[in-house]
Structure formats: C-alpha cells, structure tokens
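Structure first, then comments.
Counting starts at 1 for both ligands and their atoms, in listed order. In what follows, residues are counted from 1 in the order of the sequence shown.
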Amino acid sequence: MKVQEELLLQPPRGMRDILPTEQIYWQQARRVSEKAAQDFGYRRIDIPLLEFNNLFERSIGEGTDIIDKEMFSFSTKGGERVALRPEFTAGIARAYIQHGLQVAPKPVKLYYTGPCYRYDRPQEGRFREFFQFGCEAFGESDPILDAQMIQMGWRIIYQLGLRNVRVRINSIGCPACRKSYRNLLVSYFESKKQKLCIDCKRRLETNPLRILDCKEDKCVQVKMNAPQSIDHLCEDCRIHFKELLEYLEELEIPFEIDAALVRGLDYYTKTVFEFFAGETGEDVKKSALGGGGRYDGLVKMLGGENTPAVGFSLGLDRLVALMKKTGAKVYKEPKAKVFLAQLGTFAKRKSLRMFESLERAGIMVSESFGRGSLKSQLKVADRLGVEITLILGQKEALDGTVILKDMSSGNQEIIDSAKLVDEVKKRLKK
Ligand code: HAM
C-alpha cells in the first residue's frame, strides 16, 4: 500500500498568502503605480511566468547571483529547460522583438505587475515569491527618459505616503568604456585576490564587475578602494550622465551619486539607480524599494534591432511593508449602502435576480441569503450600517413589490419592484 506523505498546510518556504485584510495596502500600491504609469503614457503588458532558461542566462548574465544561485529552473515533461521569471525585463525585451513592437512609434512604453521568483535566503523584505511593478521604454537614447523613469518611481513611492525617498544613482558606462575599466578592475582585484571570497575569486575570471556587487564582508572591504566606473566614462557616457543629473536637479528629485552602485544584473549600460525610503537617520543601507537603469544592448543581444532602452521595477512587498510600518494611507474598500433581505422559498429565488438588477445599475448591495430568519438578516444590515434595507417577503414576491426601509428614520414603504432601481437611486442621492 502506498504510504501517504504528510500534507504540510503551508506554501513552500519564502512564499506566502496575502489575505483579504492586507489587500487594502496592495490595492493602494497597485492602483497608485498603475495610475502613474498610465498618466505617463505607458501601456500594460503581461508576459508568461515561465520562459526558456537561456533567455535569463543571456540577459541577466552568468556570474550574477540571480542566475548562479537564485533561479527556479526545471525541465518540462517535454524536456524543455524553463525557469520561473526572476524579473520582467528579459521577458519584455523578448516579447518586444517577437511581436515586432519596434514598428510602433518610439519610445514604446510598457508597464507590468506580477509575481517573480528568486531562490534566495528568505529574510525581512526578501521572499522567494515577490511582486514587482515596473516600466520599460524602448527606442529612446536621450537621458531625459532615464530622468522620467526616476521621476515616475519617485512619484509612486511618494504618493504612497512614504517620505524621505532617496535615489542613488551611478553610471557604469557602455561596452566601449567598460573594456578599459574592466582591465583596471581586474588588475586591482588580482592584487587583492587572497582577500576575496571563493565566489569572487571565480568571478575574477568570469565576470569581474560582479565583484562590486558582492555582499560578503571581506569583499566589501576590498572593493572600497577599487577603481570606480564613473571616473572612467567615455565622452558619450559622461555627457549622458551629466545631462541626467541636470534633469533630476530640474525636477528637484533628491539624489546621491553612489559610485559603488552596480546592480545585480548584467544587461545595464550607462545609468543605474535604486530607490530607498525611510525616516531620516534610518539605515540607508537597507534593501532597496526598487531599481532600474538603461540597457541599450539587450534587445540586440537577444537578436533584435539595435534598440536603446531604459526601465525600473519597484518591489511591491517592500512598499507594502513600509506602508504598514508608517501607517500610510490605504485603499478604501467600497461599502454597500443597500441590504437585500428575503423571506420564504419563492422570495429567496427572486432575490438573486433582484440583486443582479441593482448591481447592474451600479448599486452595491449586501445580502445574507443563506440566513433563513428575517431577524438575523436585519441584524447583519444593522451591523453593516447600510442606508436602505429592502425586504422581499413571500407576499411581495407574488405581488411584484418590495418593502423599502429607510434605516435612519425607520420608515417603511412598499415599492413596485419594476421601479426599484430608480426608487433606490433617488433615495441614495438624498
Ligand atoms: P532588481 O533590483 O533585481 O531589478 O529588483 C527590483 C526590486 O524588486 C528590488 O529593488 C526589490 O524591491 C524587489 N525585489 C527583488 N528581489 C526581491 C526579493 N527576493 N524579495 C522581495 N523583493 C525583491 C530588476 O528586477 C530589474 N528588472 C529592474 C529593471 C527594470 N531594470 C530595468 N528595467
């Protein structure tokens, strides 16, 4: 006989349910961010949760923590190597090429929201299933678009009621200036090789820039004196960065240049940035609320035309956690002003249709159809604090009428059910 495995009544580690009571924060975060994206002319795109593994390997880059350690990869029954998306940008660039979106007027502005998966060590603000909102713009190389991305992210965080939003920004150059910078880095880290962690010793051969992203204490020490990309930019990258900073000054967005900021994904060129928020004096080194940058080489690298692009993503889990902590404004759930009570088998049957005609007319109605006694239904109506209770008894159901009770005065009147919608609307207006 097959022994049944124990059923664990919990999701896998690092994943969790978001219960209805918490949705007021999530709804607020989603509404504010989607509204901002739409206001800035972005259109929604949805992409699959699964992509071929090599899409992420090529774009995020081997040697990054995401690819080397954090991918939820597996083979399908058909033998295809796939992975749960650790982020959206790679999949969106894939969709942009696949659907020939480059023929649309530039820039092509897209936004998205949904879950991502990274097999990271769960801790505060770090989950294996987490949610992102983000924007990507394809086909524009002007730094004004980098500024607009930062403006949007900044505005969303601010509009969620989170204060002291800070932007950390850096330029990691383009392939042209990165080549000589990479050589400088390699010779610097070669001279300190003994002090690096095992992973970074390997990275020195495969992807030396990634050493700058290592969180190991000893590597953090070594990289403090490493050459900085910002000092080795080519003329084009230097002007791009300078103009971006001027735009941010114009927008009065507070930013800090962080020459150590390299971000954990390989596709970036030129601009990289991250968002932080918190009360003054709080540790600014804590996890970012979001991040992004320019990735002018990604579309071409994946097989598309040469297409400059820039984008950012916000971590909704972290935004929500901070909203809760700071008592930020939440989404106000709509409340019904009308309650529909029924009594008797025939009336109960009719009540479903009556509910639907009110709802179709845009009137939100509460009910407690499962309860038999009128008294207990009226108790619910009282508790909900509705303005009107409609009572459909056996007699009314047969007559084609309904009793309308004004909850503040207690007055009751009999209404022709054919005129019910108009009568309810009239009273609610009052
Ligand atoms: P990222 O910095 O890897 O960038 O992720 C963006 C944000 O997602 C982070 O700042 C953080 O708030 C949230 N996040 C990341 N990992 C976790 C986790 N394990 N648990 C909770 N939240 C997390 C990207 O994903 C890029 N695709 C951003 C981008 C868009 N660049 C250009 N366009």
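- Between G134 and ligand 1 there is no heavy-atom distance shorter than 4.0 Å.
- Contact analysis leaves F275 out of contact with ligand 1, as no non-hydrogen atom separation drops below 4.0 angstrom.
- Within ligand 1, the atoms closer than 4.0 Å to a non-hydrogen atom of G311 are 30 (C), 31 (N), 32 (C), 33 (N), numbered from 1 in the order shown.
- Heavy atoms of D317 come nearer than 4.0 angstrom to ligand 1 in no pair at all.
- Summarising the contacts of atom 23 (C) of ligand 1 with F130, F133, Y268, the nearest heavy atom is found in F130.
- Of the candidates E136, R43, E34, E34 is the only one forming a side-chain hydrogen bond (donor to acceptor under 3.5 Å, both in side chains) with Y111.
- With no hydrogens or angles considered, a side-chain donor-acceptor pair links T89 and E87 at under 3.5 Å.
- Using a 4.0 angstrom heavy-atom cutoff, E274 does not count as in contact with ligand 1.
- Looking only at heavy atoms of the protein, atom 1 (P) of ligand 1 is closest to R263 NH2, 3.5 Å.
- Side-chain contact check for E70 and Y119: no donor-acceptor pair (N or O, by modelled atom type) lies under 3.5 Å.
- Taken to the nearest 0.5 Å, the CG atom of D65 stands 10.0 Å off from the CG atom of L265.
- Below 4.0 Å from some heavy atom of G292 lie the following atoms of ligand 1, by number and element: 29 (C), 31 (N).
- Atoms of ligand 1 found under 4.0 Å from any heavy atom of G125, numbered from 1 in the order shown, are 20 (N), 21 (C), 22 (N).
- Of the listed residues (R118, R85, E87), the one carrying the non-hydrogen atom nearest atom 16 (N) of ligand 1 is R118.
- Atoms of ligand 1 found under 4.0 Å from any heavy atom of G291, numbered from 1 in the order shown, are 10 (O), 28 (C), 29 (C).
- Checked against a 6.0 Å centroid threshold, the rings of F273 and F275 count as neighbours.
- Note on ligand 1: F312 sits in its first shell, one or more heavy atoms being nearer than 4.0 Å.
- A cation-pi arrangement, defined by a distance under 6.0 Å to the six-membered ring centre and an angle within 45 degrees of its axis, is present between K324 and Y25.
- For G264, the closest heavy-atom approach to ligand 1 does not fall below 4.0 Å.
- When heavy-atom distances to ligand 1 are checked against a 4.0 Å cut-off, L289 comes that close only through its backbone atoms N, CA, C and O.
- Annotation: the span from E57 atom CD to F52 atom CZ amounts to 13.0 Å, rounded to 0.5 Å.
- In this structure, F131 does not count as a contact residue of ligand 1, since none of its heavy atoms falls inside 4.0 Å of the ligand.
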